[in-house]
Amino acid sequence: MTDLMLKSEALHKRFGHVEVLKGIDLEVARGEVMCLLGPSGSGKSTFLRCINHLETYEAGRLWVDGELVGYRQVADKLHHLKQSEIAKARSEIGMVFQRFNLFPHKTALQNVTEAPVQVKGMAKSEAEFHAKELLDRVGLADKAGNYPSQLSGGQQQRVAIARALAMKPKLMLFDEPTSALDPELVGEVLDVMRGLAKDGMTMVVVTHEMGFAREVGDTIVFMDGGVVVESGDPREVIANPKHDRTKAFLSKVL
């Protein structure tokens, strides 16, 4: 699995009596951008949360960079990792949510420096130096001293991306990062994500932005009812979907 950043094998997840993931098999190569499509309730966000171990899974296996997520395997048995071990692994995976989840009482700069200082023990001066670089990278160098309430939704989401990048992750997860934005603000966030892809960041992106998926994605995966229905080259799947369920979904979003 040296060339794989993410591997999911027969992954199952349930909430009570509801089985949300019904055996997900996926692979994401290092440097690849995978776009996940599907209707609400198809299991896309739950799958992302399993990758980051914000949710535990009941069956199957999930690896990030060759390491099992949430467990240690001894012989044929899985043993839960300690919370400290889970937290360390999670710190290497960046996640950007639909809602920006910024600290409202902290400036953009403080939001970006918080985790490197508190989680990684980085010196404040070093964290601030890198944070300023990241804010510049997402086009917000002039907003370092602004509070979230003083920023547009698109600007807040770009701060959230900078915050995730501040931990120097090996994998970035995006859960519909533009769905809460006004239409005219979507482009500025997608431009940042295009830049990350160009720089070789491995990304799994839950999105309904078909143009982004077609242009930037290396692989597109359509999920429905907790299973992978169809996957392949984005241009091919979008232009010539083979499964009727994929065709019906794309007819409504294109």
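- Closest approach of Pro148 to Pro104, counting heavy atoms only: CD-O, 3.7 Å.
- Linking Ile, Leu, Val, Met, Phe, Trp and Tyr residues whenever their side-chain heavy atoms come within less than 4.5 Å places Leu36 and Leu62 in a single cluster.
- No donor-acceptor pair under 3.5 Å is formed between the side chain of Thr46 and the backbone N or O of Gly43.
- Atom-to-atom distance recorded for Ile86:CD1 and Ser91:OG is 12.5 Å, nearest 0.5 angstrom.
- Under a 3.5 Å cut-off, the side chain of Asp233 and the backbone N or O of Glu236 do form a donor-acceptor pair.
- Between the side chain of Gln73 and the backbone N or O of Ala75, at least one donor-acceptor pair lies under 3.5 Å.
- A distance-only check finds a donor-acceptor pair linking the side chain of Lys44 to the backbone of Gly38 [under 3.5 Å].
- Residues Tyr57 and Cys50 approach most closely at CB-SG, 4.4 Å, considering heavy atoms.
- To the nearest 0.5 Å, the span separating CH2 on Trp63 from OG on Ser8 amounts to 8.5 Å.
- The minimum heavy-atom distance between Ala197 and Val216, with the atom names listed, is CB-CG1, 3.5 Å.
- Electrostatic pairing of Glu58 and Arg14 does not count as a salt bridge here, judged by no charged N lying under 4.0 Å from a carboxylate O.
- You'll find the side chain of Lys124 stays beyond 4.5 Å of the side chain of Phe129, heavy atoms only.
- Side-chain contact between Pro169 and Glu92 is absent, with no heavy-atom pair separated by less than 4.5 Å.
- Between the side chain of Asn111 and the backbone N or O of Lys106 there is at least one donor-acceptor pair closer than 3.5 Å.
- Between Glu85 and Arg72 there is a salt bridge, with a side-chain nitrogen of the basic residue lying less than 4.0 Å from a carboxylate oxygen of the acidic one.
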Can you check salt bridge (charged side-chain N to carboxylate O under 4.0 Å, His left out) on Arg137 and Asp199, steps first, answer last?
CA-CA 12 Å; Arg137 182 177 181 180; Asp199 291 343; 2.8 Å; yes
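- Although no hydrogens or angles enter the test, the distance criterion places no donor-acceptor pair under 3.5 Å between the side chain of Lys242 and the main chain of Lys247.
- No side-chain heavy atom of Pro116 sits under 4.5 Å from any side-chain heavy atom of His130.
- Salt-bridge annotation for Asp224 and Arg245: present, with a side-chain N of the basic residue lying under 4.0 Å from a carboxylate O of the acidic one.
- Taking each heavy atom of Glu27 and Lys7 in turn, the nearest pair found is OE2-NZ, 2.9 Å.
- Inter-residue side-chain proximity for Arg30 and Leu4 is flagged as unmet; no heavy-atom pair is nearer than 4.5 Å.
- One hydrophobic cluster holds both Leu21 and Val28 under the rule that ILVMFWY side chains link at heavy-atom gaps under 4.5 Å.
- The CG atom of Leu196 lies 6.5 Å from the CD1 atom of Ile161; values are rounded to the nearest 0.5 Å.
- Nearest heavy-atom pair across Ile238 and Arg214 is CG2-NH2, 3.4 Å.
- Scanning all heavy atoms of the two residues, the minimum distance from Met172 to Ala164 falls at CE-CB, 3.8 Å.
- Neither Leu37 nor Leu173 shares a network with the other; the hydrophobic side chains, linked directly or stepwise wherever heavy atoms of I, L, V, M, F, W or Y lie under 4.5 Å apart, form separate groups for each.
- Within a 6.0 Å radius of NZ in Lys132, other residues, nucleotides and ligands contribute 12 heavy atoms or fewer.
- Asn52 pairs in a side-chain contact (heavy atoms from CB on, under 4.5 Å) with only one of the listed residues (Leu171, Ile93, Val69), which is Ile93.
- Taking 4.0 Å as the cut-off between side-chain N and carboxylate O, Arg49 and Glu55 count as a salt-bridged pair.
- Atoms CZ and CG, from Arg163 and Leu109 in turn, are 13.5 Å apart once rounded to the nearest 0.5 Å.
- Formation of a donor-acceptor pair under 3.5 Å by the Ser231 side chain with backbone atoms of Val221 is not found in this model.
- Formation of a donor-acceptor pair under 3.5 Å by the Asp175 side chain with backbone atoms of Gln98 is not found in this model.
- To the nearest 0.5 Å, atom CE of residue Met201 and atom CD of residue Glu32 are 14.5 Å apart.
- Relative to the ring axis of Phe249, Lys252 does not place its NZ or CZ within 45° and under 6.0 Å from the centre.
- Although no hydrogens or angles enter the test, the distance criterion places no donor-acceptor pair under 3.5 Å between the side chain of Glu230 and the main chain of Phe222.
- With a 4.5 Å cut-off on side-chain heavy atoms, Lys120 and Met167 count as touching.
- Between Val186 and Glu209, some side-chain heavy-atom pair lies under the 4.5 Å cut-off.
- You'll find the side chain of Leu26 reaches within 4.5 Å of the side chain of Phe47, heavy atoms only.
- Remark: aromatic rings of His80 and Tyr71 are close, center separation under 6.0 Å.
- One distance of note links CG of Leu68 with NE2 of His53; it measures 11.0 Å at 0.5 Å rounding.
- Of the possible donor and acceptor atoms, one in the side chain of Gln155 sits under 3.5 Å from a partner among the backbone N and O of Ser152.
- Following chains of ILVMFWY side-chain contacts shorter than 4.5 Å, one can reach Ile220 starting from Val229, so the two form part of one hydrophobic cluster.
- Using a 4.0 Å cut-off between charged side-chain N and carboxylate O, Glu215 and Arg194 make a salt bridge.
- Side-chain contact between Gln157 and Val96: present, with at least one pair of heavy atoms (C-beta onward) separated by less than 4.5 Å.
- Grouping the Ile, Leu, Val, Met, Phe, Trp and Tyr side chains by contacts below 4.5 angstrom, directly or via other members, places Val206 apart from Val33.
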